[in-house]
Amino acid sequence: MSENKDMSESSSPSGKLDGASVVIINYGAGNIKSIQFAFKRLGVDAILSNDPKVIKAADKVIFPGVGEASSAMKMLKETGLDTLIPQLKQPVLGICLGMQLLCKSSEEGNTKGLGVFQTEVKRFSNDVKVPQMGWNVIKDLRSDLFKGIKENEYMYLVHSYYAEHCNETIAKTDYGLNYASALQHNNFYGVQFHPEKSSTAGAKILENFLAL
Amino acid sequence: MLTKRIVPCLDIKNGRTVKGVNFVDLRDAGDPVELAKQYAEQGADELVFLDISATLEGRGTTLDMVLRVAEQVNIPFTVGGGISSVEHVDALLQCGADKVSINSSAVKRPELVNELSNKFGSQCVVVAIDAKQVDGQWKVHLAGGSIPTEIDLFEWAQEVEQRGAGEILFTSMNHDGTKNGFANEALSKLSETLNIPIIASGGAGNVQHFIDTFVEGKSDAALAASVFHFGEIPIPELKKELKQNNIEVRL
């Protein structure tokens, strides 16, 4: 696949913004086209790759994911990405299931996570409709990721499992209970919402991530 | 708080919108991408594209359209119409669709709902149900409402939820096209019996109808076509009025 081609520093202008390259980890989990398009709207050609060399060399890494946790983790293990991802040194942004997989564990498929974020992922109770689907607000924002984003900004979310609030929480959302809709640990960032589908505010968050 | 969603629906044939759209400021009213962008800018929360192409070539053109929409539009969208296989769904999702909507094909082969939710996740599987109330009983209809079945709306909705549907799009054929309001009694029963989101469809004529379907119908989202396409109800004003009526919407 052409997307997986090796990308040496000088051979391709792709994925560059002010000389920075963006790689979206392509491990077969879900719709990553939309993320790629969202970066393209920001003028950045993000590269899809599952090649550890390409991922390690990137200035920014996006860890996407839609679908089921245990099968996604299986795909990561098959490619050795489960050991690579937690060792990355550049800014990494986990989106949706990507963020959940960066946590300690998930109730979904009884999955052990990558353990970057010290919190657990649980299923919403049936007191609310599951999945949560639609636009909800993010609040108590505390990270450069949210520079220029106002409190209670709307984001698009689709999920049945949530990360429990912890001291790495950088944004909260209320759906039956308060949970962590964004997390940060050192160079690792995670968002439960889909910035690529969250209109102009979502685009701003991706832009902020590029500027980290 | 999770907000109620406003969802314009576009009929697509051979990659172009049909049924007429009357928007000012549009260079090409037949171009789904341009229309989708306009709706996104106006504050639509999601979009539904219903593919009514009869031919394989027409469906191929729709795939190109999906790709162009995903490229240029920054809100989620669903594609429906004539979807009956895992491969077709795979192609649509690969092109950037967020969700697919299946209808008759699910009734003909209910396992399709399981197959799609297992492979792609419940979050992208919308089951559309067209039903008509006859002698007090809501019966599911197929092929755009032209073929009646003996299947009960509520039993079918519960079955698809158990099979992994992530959302139900319920169109009342008694209300569709009437502009007299949504089928709120049936909608509220669906919303109370099921634990997945319900999209109301059929009957939107004025702002009050939207208020009613969110309050009385307990709907999670409301879908409409002509009232949006012809500018009868501008989305920004609709959402403002919903907010004034204490309905949570994204402004």
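In what follows, every chain begins at residue 1, and chains take the letters A, B, ... in the order their sequences are listed. This one's a predicted model, so the numbers in the text were calculated from it and none came from an experiment.
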Specify the closest pair of heavy atoms between [X] and [Y], including all atoms of both residues, with the distance to one decimal.
| X | Y | result |
| --- | --- | --- |
| B/Gly96 | A/Ser34 | O-OG, 3.6 Å |
| B/Val249 | A/Tyr154 | O-OH, 3.1 Å |
| A/Gln132 | B/Leu2 | OE1-CD1, 3.6 Å |
| A/Met133 | B/Gln123 | CE-O, 3.7 Å |
| B/Leu194 | A/Lys129 | O-CE, 4.3 Å |
| A/Arg41 | B/Ala70 | NH1-O, 3.2 Å |

Positions in residues 79-94 of chain B that reach chain A, provided some heavy atom is under 4.5 Å away: B/Leu93, B/Gln94

Taking [X] for the side chain and [Y] for the main chain, is one N or O donor matched with an acceptor at less than 3.5 Å?
| X | Y | answer |
| --- | --- | --- |
| A/Asn136 | B/Met1 | yes |
| A/Tyr156 | B/Asp45 | no |
| B/Asn195 | A/Val128 | yes |

Only pairs of heavy atoms separated by less than 4.5 Å count here; which of B/Leu251, B/Ile196, B/Asn118, B/Leu67 has the most with chain A? B/Ile196

Looking only at heavy atoms and a cut-off of under 4.5 Å, which of B/Glu71, B/Glu248, B/Gln72 has the most pairs with chain A? B/Glu71

Considering only heavy atoms, which portion of [X] lies under 4.5 Å from any heavy atom of chain A: side chain, backbone, both, or neither?
| X | answer |
| --- | --- |
| B/Cys95 | backbone |
| B/Ser117 | neither |
| B/Arg5 | side chain |
| B/Ala97 | backbone |

Please say whether more than 12 non-hydrogen atoms of neighbouring residues, nucleotides or ligands are located less than 6.0 Å from [atom1] in [X].
| X | atom1 | answer |
| --- | --- | --- |
| B/Lys243 | NZ | yes |
| A/Lys139 | NZ | yes |
| A/Glu78 | CD | yes |

Among the listed options A/Val137, A/Asn126, A/Asp174, the residue most often paired with chain B at heavy-atom distances under 4.5 Å: A/Asn126

How long is the span from the [atom1] atom in [X] to the [atom2] atom in [Y], to the nearest 0.5 Å?
| X | Y | atom1 | atom2 | value |
| --- | --- | --- | --- | --- |
| B/Asn74 | A/Ser199 | CG | OG | 4.5 Å |
| B/Lys119 | A/Glu68 | NZ | CD | 13.5 Å |
| A/Trp135 | B/Thr3 | CH2 | OG1 | 8.5 Å |

